[in-house]
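Worksheet: the structure to be examined is printed underneath.
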Amino acid sequence: MEIYKQYIKKYKFLFLLAVSCVFFEAVCDLLQPTMMARIIDQGVRNGQMDVVVRLGLVMLCITLCGAFFAVVRNILASRVSQSFGKDLRADVFSKIIHFSEISVDRIESGSLITRMTNDTSQVTQFINGLMRIFFKAPVTCLGSIILAVMLSFHLSIILFIAVLIVSSFIIISMKMSYIRFARVQAVIDKVNTVVQEYLMGIRLVKAFGRYEDEKDKFENANSELSHRTVSSQLVIAYFSPLMSMTVSLGMALILYTGSILFQSRQIEVGRVAAFMSYMVQILVSLIMITNIFNVFVRTKASTGRIREVIDSEEDFTGSDQRIKIERGDLEFKGVTFAYPNGSGMAALHNLSFRINQGETLAVIGPTGSGKSTFAWLCLRFYDVQKGTISINGKDIKTIDIGVLRENISLAPQKSMLFTGTILENISWGNPNASFNDIIQASQAAQAEEFIQKMPDQYDSILGQGGVNLSGGQKQRISIARALVKNAAIFIVDDCTSALDAVTEAKVRRGLKTACEQRTIIMITQRVGTAMSADKILVLDNGEKVGFGSHQELLASCKTYREIYDSQIGGGLKR
């Protein structure tokens, strides 16, 4: 629970105030059976109505005071718990924003959503119950036991035995519940992941008609959740009746023993009635404690999952020196990299090359050759195992990560757009860009033409992920967003795959004009795209098998020649 110390410290005053109200409320509850005993023994038994009225008014005042403390306690508990939950969600989300790629690969997005919602809500519920019930139940239980002993030592022996048995049941049920509730949370992750995957691939599911498969996947996950939840609830279902039965038997024995003691004039009727009231309060307190322990067990499981997020590896920071990157010279020296959570095989092996500012580099190679990995390493989403990546002669590990990424612009392979207007999506690359800059970037990306044909033009609303645009339109918006960033290095990661040859050629010319003084890196599958670059890097199984101009590679690189022949044809080779 150490991860919650900062929040408890922040709301310490209100928390202690709520706990104080709980204490005084419990005291008021404890006084009522004693007052009732005095009313019976001193007033009702002796027929003194003035004593009944006087003590009844005192008892009423005690009840009103208890009600006042209960209202204040509930208000404070709600305010503190909800503020606690708000801060916790904000910190978890902030941590997720700064996740390293290793952490992103390790924890699925569906699981992160569950931890952000279900797990934090579980903690919020526990904090609320902590102030409302958890402190009251032990005070009431302990106070009732003490006052009951003061009323009758003989009857309290039965009480101690009942409390001891019920406490044993609580401890056993808590131990059995923890592992089961942890499994429930894991299965909730699975259900969320299945739903999320379906929503992300809904068009593909429709295209292939795989509704039944998706229903089966969800049904399996849903059934497992139901099974795990029932399994966890069975522990409570078994032990709750046993606890109630134990207390009921105890009350029966107290009535029986009390009647014997009354006949022998060792106890008065009012005291027996008060003792029974304390027994009821103990029963209610024990049930509260049982419920709180069940919530605690679930909260403990949720806390472990939240801690996993909080303790996850954060993104790299690099040097504290925010140096300015004025040029786009890029150099790889003996770079070797394998994905931390992958198969262990190197995605890139001993890669070395250099390009200078203003040059265009095309990276080409078969599928799985490491082309996209090349882009991730430039942006330092991962650290290389061997070798160095340098910009303007400086190792990117020594450059502040914010500065590094400010000066590298990316149009990713999968064009991800956000809900909002086209203007907002393009300016997302540079919030300070003028409207004229946005128009120029759109023109260079060949997006201006279709934007002008839309009813609201740049103010047209895009659905989630740009669902109301075609693949080619989304790619051109993505390129415009990257262009408006005006970074020293511009990376296009196969972001023209949905464009026809004519439009792609126009985009390449637009990029050349817009990025005249910038370094352009085009990751592509098309020889036609690579041919226009100043230099071409050919990758195969993560290794550099060619580096040079189009003509040089045709003469010297077998892999490049094979790609060229398969796409354009050997007869056209010059």
Side-chain angles (χ1 to χ4, degrees), residues 101 315-319 321-333 335 337 348 351-364 370-384 387-413 415-416 426 428-430 432-433 437 440-441 444-445 475 478-496 507-524 529-530 532-537 539 544 547:
E101 287 299 307
D315 206 351
F316 308 111
T317 55
S319 172
Q321 299 179 354
R322 294 183 62 84
I323 62 174
K324 187 176 181 180
I325 299 177
E326 297 180 346
R327 295 177 56 83
D329 300 334
L330 178 67
E331 183 176 12
F332 275 52
K333 287 184 179 179
V335 170
F337 170 75
L348 291 176
L351 177 61
S352 299
F353 72 91
R354 176 184 174 87
I355 56 170
N356 299 317
Q357 180 185 4
E359 291 185 323
T360 300
L361 171 71
V363 182
I364 193 171
K371 301 187 295 299
S372 292
T373 302
F374 167 86
W376 304 148
L377 294 180
C378 288
L379 286 157
R380 206 185 169 200
F381 288 162
Y382 301 92
D383 261 344
V384 300
T388 59
I389 302 174
S390 303
I391 294 179
N392 304 330
K394 294 184 178 295
D395 188 337
I396 62 173
K397 291 181 180 180
T398 66
I399 302 174
D400 179 84
I401 198 68
V403 173
L404 174 67
R405 292 174 185 170
E406 282 172 8
N407 288 274
I408 299 178
S409 190
L410 173 69
Q413 186 175 21
S415 301
M416 178 62 196
I426 297 177
W428 197 76
N430 181 7
N432 298 319
D437 292 335
Q440 289 180 357
Q475 286 188 339
S478 179
I479 293 172
R481 179 177 61 195
L483 278 173
V484 82
K485 187 176 180 181
N486 197 26
I489 298 174
F490 184 82
I491 301 176
V492 184
D493 184 6
D494 202 16
C495 195
T496 58
V507 170
R508 287 203 306 271
R509 289 195 295 269
L511 293 180
K512 269 289 188 182
T513 304
C515 304
E516 188 175 357
Q517 298 301 318
R518 290 189 263 176
T519 302
I520 303 176
I521 299 173
M522 297 187 297
I523 299 173
T524 181
T529 301
S532 62
D534 300 315
K535 294 179 180 177
I536 304 171
L537 172 64
L539 297 176
K544 181 180 76 173
F547 183 72

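Note that the structure is predicted; figures quoted are calculated from it, not measured.
- Distance OG1/T360 to CE/M522: 6.0 Å, rounded to 0.5 Å.
- Two residues are said to be in side-chain contact when any heavy atoms from C-beta on lie closer than 4.5 Å; L330 and E359 fail this criterion.
- In this structure, L410 CG and I489 CD1 are separated by 12.0 Å, a value rounded to the nearest 0.5 Å.
- Among residues two or more places apart in sequence or in another chain, the side-chain contact (heavy atoms from CB on, under 4.5 Å) test is passed with A433 by N430, D437, I438, V484.
- Atom CD1 of I391 and atom CD1 of I399 lie 5.0 Å apart (nearest 0.5 Å).
- Between D329 and T519, the shortest heavy-atom distance links the atoms N-OG1, 4.5 Å.
- Taking every heavy atom of both residues into account, E406 and K485 meet most closely at O-CE, 3.4 Å.
- Judged by distance alone, with hydrogens and angles left aside, the side-chain atoms of K371 form no donor-acceptor pair with the main-chain N or O of T524 at under 3.5 Å.
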| Step-by-step side-chain hydrogen bond (donor to acceptor under 3.5 Å, both in side chains) determination, D395 to T388 | CA-CA 6 Å; D395 188 337; T388 59; 5.2 Å; no
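- Of the options L348, I364, T373, a side-chain contact (heavy atoms from CB on, under 4.5 Å) to L539 is made by L348 and by none of the others.
- The shortest non-hydrogen separation linking L361 to A533 is C-CB, 4.2 Å.
- Expressed to the nearest 0.5 Å, how far CG of L379 lies from CG of N407 amounts to 11.0 Å.
- We find the CZ-CG distance between F332 and L537 to be 9.0 Å, quoted to the nearest 0.5 Å.
- Annotation for S409 and A487: closest pair N-CB, 3.6 Å, computed over non-hydrogen atoms.
- Residues K535 and I355 approach most closely at CD-CG2, 4.3 Å, considering heavy atoms.
- Taking the ring centroids of F353 and F374, they lie under the 6.0 Å cut-off.
- Heavy-atom minimum distance, A482 versus A411: CB-N, 4.0 Å.
- One distance of note links CG of N392 with CG of N356; it measures 10.0 Å at 0.5 Å rounding.
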